[in-house]
**Student:** 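Have a look at this one.
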Amino acid sequence: MPRLGVAAAAWIVLFLFAPVVGEQIKLPGVDKAVWIGTDLIAFAFLVLRRDLVATLFGSRLLLLSWPLLAIASALWSLTPGLSAYHGLQLLATIVAGITLRTTMGLSRLVRIVFLGLLAGQLLSAFLTVAAPALTRGTDGNWAGIYSHKNVLGSLSSLQILCAACLFLQGWNRLLTAFGFCLALALLLATHSATALVAATAGLMPLAAIFAWRQGKHVTGFCLGIAIALAGVGILVAAARGADISASLLSDLGKDTTLTGRTVLWQFGLDQFWREPLIGIGYKAYWESPVTTAAYLHFVMKQKLWFFHNNFIDTAVAFGIVGVILFTVALLDTARRVIADFARSSGYVEAWPILFMSQLFVLVCFECPLFVNHGLHQLLLAAILPVVRSPTIDGSEPITRD
């Protein structure tokens, strides 16, 4: 902590409490209070560092177009006030991500995420043992201090990536090894198949980077093994594709509807085709009485607020315009973090690539992005390089990419 600085404590608190629904740990409203504090930090940054605003925002125009579209959707939204308000919150979340990267730098950012998530996982493990009725679902899956097993699962998969990169970088290896093992144990205890696949997808680039850093002989050997395994996989899939698919879903604890996700997706696609061009407004589907949201809740037998697919959520809210903007911004961010890694190829610099690999899985089965308050949304803004010259305050000097 002394090396991270006092300011890092506020960000650690954010990553500890922002995903927590306070009623779960008898602290009602704690997540809202943390996000209000984060919004205030974003506003203060805009006021105090007006000299950097144009440069920093200019490097993130595609990402900033998301909240601008959300706010503008109030013009045609079924719930105009809600769309504008949540659009402003989305803008604040992205600005907070820019603030985090600008003031902390990438290396401290990864350590902050690690420490914040570690504290949450320690609390989750403790409460699961001390008060299992509060932290376990009826099926026995762990949720910890969070509202659902998928939340604990996604945060555990994110922690695995942080711990792996910091361990390989050589930062406090005893602590990071412990954090990795704890995150893996909690991930398995949640039985969250999406989070498990996301963690695997996130670690795959790290394995390739590790082999590449060992030299061309190791890289060539690993590449040959990968090509051979891919060839075997293609042959097996061609011969027994249907059986393998059913078996894999069964092993992951899923049925052919992906635990009801395909039903959700059908509701979303039906709504999209009603307003395919510009949608019905940000968050409007779930709040307007004229949509099929109430019927969806009845069919699914639970109060949902997203379609478990970021593309469908975006399509319903903003139509094909939103889907194009969402996809282009994601691909551009991936391109830029890869380009940044090519200039400085340390393990910490590889973390944004791992994060994006994980994110490409999550956006297909959850809704981590284009949300007004979300850690993945904040981190997406934070992983982009800061476009400015070196400063005397110790913050990260990165040149234009």
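We're numbering straight along the sequence, starting at 1.
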**Student:** Under 6.0 Å between ring centres: does that hold for His148 and Tyr146?
**Tutor:** no
**Student:** Can you name the side-chain hydrogen bond (donor to acceptor under 3.5 Å, both in side chains) partners of Asp270, sequence neighbours left out?
**Tutor:**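 By the side-chain hydrogen bond (donor to acceptor under 3.5 Å, both in side chains) rule, Asp270 matches Gln266.
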**Student:** What residue pairs, at least two apart or across chains, pass side chain to side chain donor-acceptor pair (under 3.5 Å) with a residue in residues 354-365?
**Tutor:**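 Residue pairs with at least one partner in residues 354-365: Ser157-Gln358.
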**Student:** State which residues pass side-chain contact (heavy atoms from CB on, under 4.5 Å) with Ala201; sequence neighbours excluded, sorted by chain then number.
**Tutor:**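 Checked Ala201 against side-chain contact (heavy atoms from CB on, under 4.5 Å); matches are Val361.
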**Student:** Got a sec, which residues hit ring pair (Phe, Tyr, Trp, His ring centres under 6.0 Å) with Phe180, two or more places apart in sequence or on another chain?
**Tutor:**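 Expected list: none.
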**Student:** Under the side-chain contact (heavy atoms from CB on, under 4.5 Å) rule, collect the residues that match up with Ile41, sequence neighbours excluded.
**Tutor:**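 Listed in chain order: Trp11, Thr99.
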**Student:** Applying side-chain hydrogen bond (donor to acceptor under 3.5 Å, both in side chains), name anything that partners Gln89, two or more places apart in sequence or on another chain.
**Tutor:**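 Gln89 satisfies side-chain hydrogen bond (donor to acceptor under 3.5 Å, both in side chains) with Tyr85, Asn372 once adjacent residues are dropped.
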**Student:** Which residues pass the salt bridge (Lys or Arg N to Asp or Glu O under 4.0 Å) test with Arg335, not counting sequence neighbours?
**Tutor:** Asp332
**Student:** How would you list all residue pairs meeting salt bridge (Lys or Arg N to Asp or Glu O under 4.0 Å) that involve residues 352-372, not counting sequence neighbours?
**Tutor:**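 Non-adjacent pairs meeting salt bridge (Lys or Arg N to Asp or Glu O under 4.0 Å): Arg261-Glu366.
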**Student:** If the condition is side-chain contact (heavy atoms from CB on, under 4.5 Å), which residues does Ile71 pass it with, not counting sequence neighbours?
**Tutor:** Leu88
**Student:** State which residues pass side-chain contact (heavy atoms from CB on, under 4.5 Å) with Ile324; sequence neighbours excluded, sorted by chain then number.
**Tutor:**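 Only Ile320, Val328 meet the side-chain contact (heavy atoms from CB on, under 4.5 Å) criterion with Ile324.
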**Student:** With Thr292, which residues qualify under side-chain hydrogen bond (donor to acceptor under 3.5 Å, both in side chains), at least two apart?
**Tutor:** Tyr285
**Student:** Once side-chain hydrogen bond (donor to acceptor under 3.5 Å, both in side chains) is applied, do any residues pair with His376, and if so which ones, sequence neighbours excluded?
**Tutor:** none
